[in-house]
Asks: 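I'd like to ask you about the structure that follows.
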Amino acid sequence: MILSGSEIVMECLIREGVEVMFGYPGGAILPTYDAMTKYPQLRHILVRHEQGASHMADGYARATGKVGVAIATSGPGATNLVTGIATAMMDSSPIVCITGQVPRGAIGSDAFQECDITGITIPVTKHNYLVSDVRELPYIIKEAFHIARTGRPGPVLIDIPKDIQTEKIEFVYPEGEITLPGYNPPKHASEEQIADALELIKQAKKPVILAGHGITVSGASQELQELAERAGIPVTLTLLGKGAMPEGHPLTVGMMGMHGAAACNFAIQEADLLIALGMRFDDRVTGNLKTYSPNSKKIHVDIDPSEINKNVKVDVGIAGDVRTVLRQLLPSVPSKTHGEWIGKIRDWQEDGDERDILHADSQGKLLGAQVINDLWKFTGGDAITVSDVGQHQMLEAQYYPHKRPKSMLTSGGLGTMGFGFPAALGAKVGMPDEEVWAIVGDGGFQMTLCELATAKQENIKVNIAILNNAFLGMVRQWQEFFYEERYQATPMFNPDFVKLAEAYGIPAMRVTSREQIEESVEFARQHDGPVLIEYAIEKEEIVYPMVPAGADLHNMIRRPKPGEVQA
Amino acid sequence: MTQNGKQTLSALVENKPGVLNRVVSMLRRRNFNVDSLTVGRTANPFVSRMTIVVDQTRGSGKRIASNLFKLVNVIDVKVISDELHVSRDLALIKVRSDDAESRNALTLICERFPARIIDIGPAVAIVEITAQEDIVEAMIKELEPIGIVEMVRTGVVAMGRGVRIMEADDYRPAVEAIKEDSGSYQVYGV
């Protein structure tokens, strides 16, 4: 079969199981767009900015576990993808980005819309390719998907010069396994490592599990729950670990870290054993490393060998797939209970509950925490929520408990404002039968709100909840705490979001009181296409507790108890 | 085996365009301090070998090795300074030789080091030394009083002793092999 390079791209994408691509056409990728007309089974979603394409591919990948695909042209099209690529890299999300490049003969001549995108993306991709021969193309695409989805997943970029897209050759698909001599992600733990880990688990009196994104990625939720239940170990979650263990399970304590539950942070600091599973001891979860969990032995399981002993020195470091390793471990895990230890954690939790803003009199103000908690209540806790970055993101993490993996998507590592809305569109495209809510702030939403047109054109049923406090709330909170309330560049002029949505033909509603929240959920469910709801919330709400950057994990700024005056 | 707080790593990498860039980019991004980096072909034209000397204070050899290992084009990595090994650095040193005294001193120094004079004229001479890095350093110190005019060094190359073999003899990239069959294969420089 004689095919052009572009047609080979389509043939290979189909063989990788791709159903949808998010992209934006342009000069250097036009042959590939032309080839799409021959492959109607591949759905193409036209975005309004290439950043949206990479975020949508990312959201699709996180919600489905499959590889997301983004397509853009050379030069500015390619550079616009970069923020989304870096976001996917930090959160180990499998995406493949295909970019057009100027013809081979023009590379290096500063041709129109030429840009060294493979050079630019080396630090933010798991791997990338500049195709130099059309015969390489099928191998490269197959390798790219293999690299993106296996091991520690991540973004892979393929840059295809325009003349390669048009060149015709006999198409032979490389059947069989891909073998890459330099790419062997670790899988199992050694028997010795398992024995060492078991010994620590047997001896522990105050153990804590730290479960991260790796649990979701490797599909180890069941194994995690089994380990926790058998050995009676309380489980704390990272931000991206939410959903790895059902919240509401008696052994799930909650989220750890900077805005985590105080009980989690106290438990980690006082533990005599940390079992870190598929997480990487990010500075947002450890606080000051010098005082981090000082009395504990540490077991660390992560698929990336370079994560072991990177931030926290551990006693047993296992580079392996967390599900495989847990399965090796489980048959010998002793049956244990830690009643006294768990009782202590319960006391911390009760103390935290007393301080909860939901129990305080809000004096008629609409609070972000109330909005999130009511959204949880009225969606039955079953929705896929995709949050942006900032106060609303932390409130989502605190007040929307998740039951299952892949139901809470957010930009954790890179903290990319503007991620939430396009990623929600990608998630909905991948999971059309799920209720998807984009929970965003007024700041982040305005970074990528051009995708309202994409949502409307493709009729993607995402409910957009804007928590509008007319501030860059998290930055304002830092300014309040650490910069003596000098609110430099944080108050926001905002458009009328309801009118804005209507201009796109998207139904919208403004909510100003707590009583309207239930109605807003019903309103959102009434419509087939995208819906926007603006929640006009209290302007100067604070997210508690907070571990100031670099402070000890147990030294949190906490909300005073009722009747207590803040020191 | 570690000398002067430095660690030596050997890496077998695919001989493809851009691989050196990937390695250097990773070292910079992770804030590792590179002392020297050399690269050259191996017996297999598809494989190059790098010797990287890093300042140990910025990160242990193992951490650097695990980060190198993550690069898809890196086939194998070893922290060679953790085991028995030999290492060599080559330097060309141009030294003042415009009087009898300097010429005599130069000859005497070269006799005590694995070095020789490879070019000499009325004003300057070029000395070549191939030795372990610290011996090269020692000779440079001795040449300094005579007057070093310019100097160039290759950086360290190293190899494990005995049967500690790093080789990828049978490595053939799938795509490059096709090119070879069709007669259009060319070896790329890194």
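Lettering follows sequence order; numbering is per chain, from 1.
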Asks: Taking the side chain as C-beta and beyond, is there a heavy-atom pair between Asn128(A) and Arg22(B) under 4.5 Å?
Replies: yes
Asks: Measure the spacing between CG of Asn21(B) and CG of Asp116(A) and express it to the nearest 0.5 Å.
Replies: 8.0 Å
Asks: How far does CD of Glu14(B) sit from CG of Leu180(A), to the nearest 0.5 angstrom?
Replies: 7.5 Å
Asks: Using non-hydrogen atoms and a 4.5 Å limit, figure out which bit of Leu71(B) sits close to chain A: side chain, backbone, both or neither.
Replies: backbone
Asks: Check this for me: His146(A), atom NE2, are more than 12 non-hydrogen atoms of other residues, nucleotides or ligands nearer than 6.0 Å?
Replies: yes
Asks: If you draw a 6.0 Å radius around CZ in Arg29(B), do more than 12 non-hydrogen atoms from other residues or ligands fall strictly inside?
Replies: yes
Asks: Please flag which part of Val72(B) lies under 4.5 Å from any non-hydrogen atom of chain A: side chain, backbone, both or neither.
Replies: both
Asks: Considering all heavy atoms of both residues, which atom of Ser25(B) and which atom of Pro123(A) are nearest to each other, and what is their separation?
Replies: OG-CG, 3.9 Å
Asks: Can you tell me if CZ on Arg112(B) sees more than 12 non-hydrogen neighbours from other groups inside 6.0 Å?
Replies: yes
Asks: So does Lys298(A) have more than 12 non-hydrogen atoms from other groups sitting under 6.0 Å from NZ?
Replies: yes
Asks: What part of Asp304(A) is in contact with chain B, defined as an atom under 4.5 angstrom from a non-hydrogen atom: side chain, backbone, both or neither?
Replies: side chain
Asks: Under 6.0 Å from the NZ atom of Lys168(A), do we count more than 12 heavy atoms belonging to anything else shown?
Replies: no
Asks: Does the side chain of Asn73(B) come within less than 4.5 Å of His127(A)'s, by heavy atoms?
Replies: yes
Asks: Hey, is CE on Met159(B) packed in by over 12 heavy atoms from elsewhere, all under 6.0 Å?
Replies: no
